[in-house]
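To start, the structure under review is shown below, and the notes come after it.
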Amino acid sequence: SEHLDLNSYPPGRSSDLADMGKQDIVRITADSLNLVTNQFAINNIKIIKNLPDIPFIVNGNRSKLEQILVSIINNAFQAMAGTGTLTVTVEPTDESKFIRIKISDTGKGIPEANIKNVFEPFFTTKTPGDGTGLGLAISSTLVKEHNGEIHVESKADEGTTFTITLPAYEETDTDKE
């Protein structure tokens, strides 16, 4: 009989922070993009992927990193309401000490008055029933758990760019043994 471990339910959604390890953020970004694009009718959304051919390794929790990216990509699709361009870029920055992930949409943008609130819990500009206002608050918390930063830039009617910066994985002496 199949033993169900409730501590790891749903599968892969462990909330244990000790569950951090080497993660290829390029692959996780690609996987997250695929997860979301499978849910949306993206016939009129153009997706531009600027993903390196080589892995970039961060220290992280795979399911949490996925949760961050899926949430932001999801918001981007919703903001574009079926038409537009989504650009996802992963690149090293600051002499490869950090990895930057940029997710840009050409959606309706976030009004300037709201931009400072987007990471606040329960803040939402969506119609009631369309969003809890927790997605970005949780994303922001999870990015901080990874010692990273998340920033947003937006122009009304032009679109929004979320930038996540994560420290690159550093080999320590214990890894080399």
Side-chain angles (χ1 to χ4, degrees), residues 23-58 60 62-94 96 98-144 146 148-168:
Q23 305 291 348
D24 175 5
I25 195 65
V26 179
R27 205 176 91 207
I28 292 175
T29 303
D31 290 350
S32 302
L33 197 51
N34 290 338
L35 277 171
V36 180
T37 49
N38 289 339
Q39 294 171 19
F40 279 86
I42 54 159
N43 16 11
N44 296 321
I45 291 181
K46 186 178 173 201
I47 298 173
I48 300 171
K49 297 182 207 179
N50 301 318
L51 302 180
D53 298 332
I54 53 168
F56 280 103
I57 307 297
V58 299
R62 186 185 166 92
S63 63
K64 290 186 174 195
L65 290 167
E66 235 169 49
Q67 196 179 340
I68 295 164
L69 295 167
V70 164
S71 177
I72 293 172
I73 295 167
N74 225 339
N75 280 349
F77 276 111
Q78 289 176 337
M80 291 187 284
T83 174
T85 302
L86 177 77
T87 308
V88 179
T89 305
V90 176
E91 60 193 2
T93 173
D94 192 19
S96 297
F98 293 90
I99 314 297
R100 185 189 292 141
I101 306 148
K102 288 181 103 157
I103 299 165
S104 302
D105 66 59
T106 56
K108 57 184 185 294
I110 302 165
E112 208 169 319
N114 294 341
I115 204 120
K116 61 184 185 303
N117 298 320
V118 292
F119 298 116
E120 293 293 317
F122 304 114
F123 178 80
T124 182
T125 55
K126 293 175 187 163
T127 359
D130 278 353
T132 57
L134 283 176
L136 288 174
I138 292 169
S139 293
S140 176
T141 302
L142 293 178
V143 169
K144 287 183 183 121
H146 286 80
E149 292 183 359
I150 183 167
H151 296 286
V152 60
E153 293 165 66
S154 191
K155 283 202 172 83
D157 302 323
E158 284 181 36
T160 303
T161 298
F162 281 92
T163 304
I164 298 163
T165 309
L166 298 170

How many angstroms lie between atom [atom1] of [X] and atom [atom2] of [Y], to the nearest 0.5 angstrom?
X      : Y      : atom1 : atom2 : answer
Thr89  : Ile103 : OG1   : CD1   : 9.5 Å
Ile110 : Phe162 : CD1   : CZ    : 4.5 Å
Thr161 : His151 : OG1   : NE2   : 13.0 Å
Thr37  : Leu86  : OG1   : CG    : 9.5 Å
Ser96  : Glu91  : OG    : CD    : 10.5 Å
Ile164 : Thr29  : CD1   : OG1   : 8.0 Å

Next on the checklist: Glu66 vs Asp31, test: side chain to side chain contact (heavy atoms under 4.5 Å, CB included). Steps then yes/no.
Outcome noted: CA-CA 8 Å; Glu66 235 169 49; Asp31 290 350; 4.2 Å; yes
Heavy-atom pair of closest approach, residues [X] and [Y]:
X      : Y      : result
His146 : Leu142 : ND1-O, 2.8 Å
Gln78  : Lys108 : O-NZ, 4.5 Å
Leu136 : Val118 : CB-O, 3.3 Å
Glu120 : Ala137 : C-CB, 4.0 Å
Gly159 : Ser154 : O-OG, 3.2 Å

Counting distance only, does the side-chain N/O of [X] pair as donor-acceptor with the main-chain N or O of [Y] below 3.5 Å?
X      : Y      : answer
Asp105 : Thr160 : yes
Thr165 : Gly148 : no
Asp24  : Phe56  : yes
Ser71  : Gln67  : no
Thr106 : Thr85  : yes

Next on the checklist: I'd like to know if the side chain of Thr83 pairs up with that of Asn44 as donor and acceptor (distance under 3.5 Å, no hydrogens or angles considered).
Outcome noted: no
May I ask you to test the [X]-[Y] pair for a side-chain heavy-atom distance under 4.5 Å?
X     : Y     : answer
Pro55 : Val26 : no
Ile47 : Phe77 : yes
Val88 : Leu69 : no
Arg62 : Arg27 : yes

Next on the checklist: Ile72 vs Ile150, test: side chain to side chain contact (heavy atoms under 4.5 Å, CB included). Steps then yes/no.
Outcome noted: CA-CA 11 Å; Ile72 293 172; Ile150 183 167; 3.6 Å; yes
Next on the checklist: Does atom CD (Glu149) have a neighbourhood of more than 12 heavy atoms from anything else shown, all under 6.0 Å?
Outcome noted: no
Next on the checklist: Please determine whether side chain to side chain contact (heavy atoms under 4.5 Å, CB included) holds for the pair Arg100 and Thr163, giving the CA-CA distance in whole Å, both sets of side-chain angles, and the decisive distance to 0.1 Å.
Outcome noted: CA-CA 7 Å; Arg100 185 189 292 141; Thr163 304; 3.5 Å; yes
Next on the checklist: Taking side chain to side chain contact (heavy atoms under 4.5 Å, CB included) as the criterion, tell me which of Ile28, Leu65, Leu35 meets it with Val70.
Outcome noted: Leu35
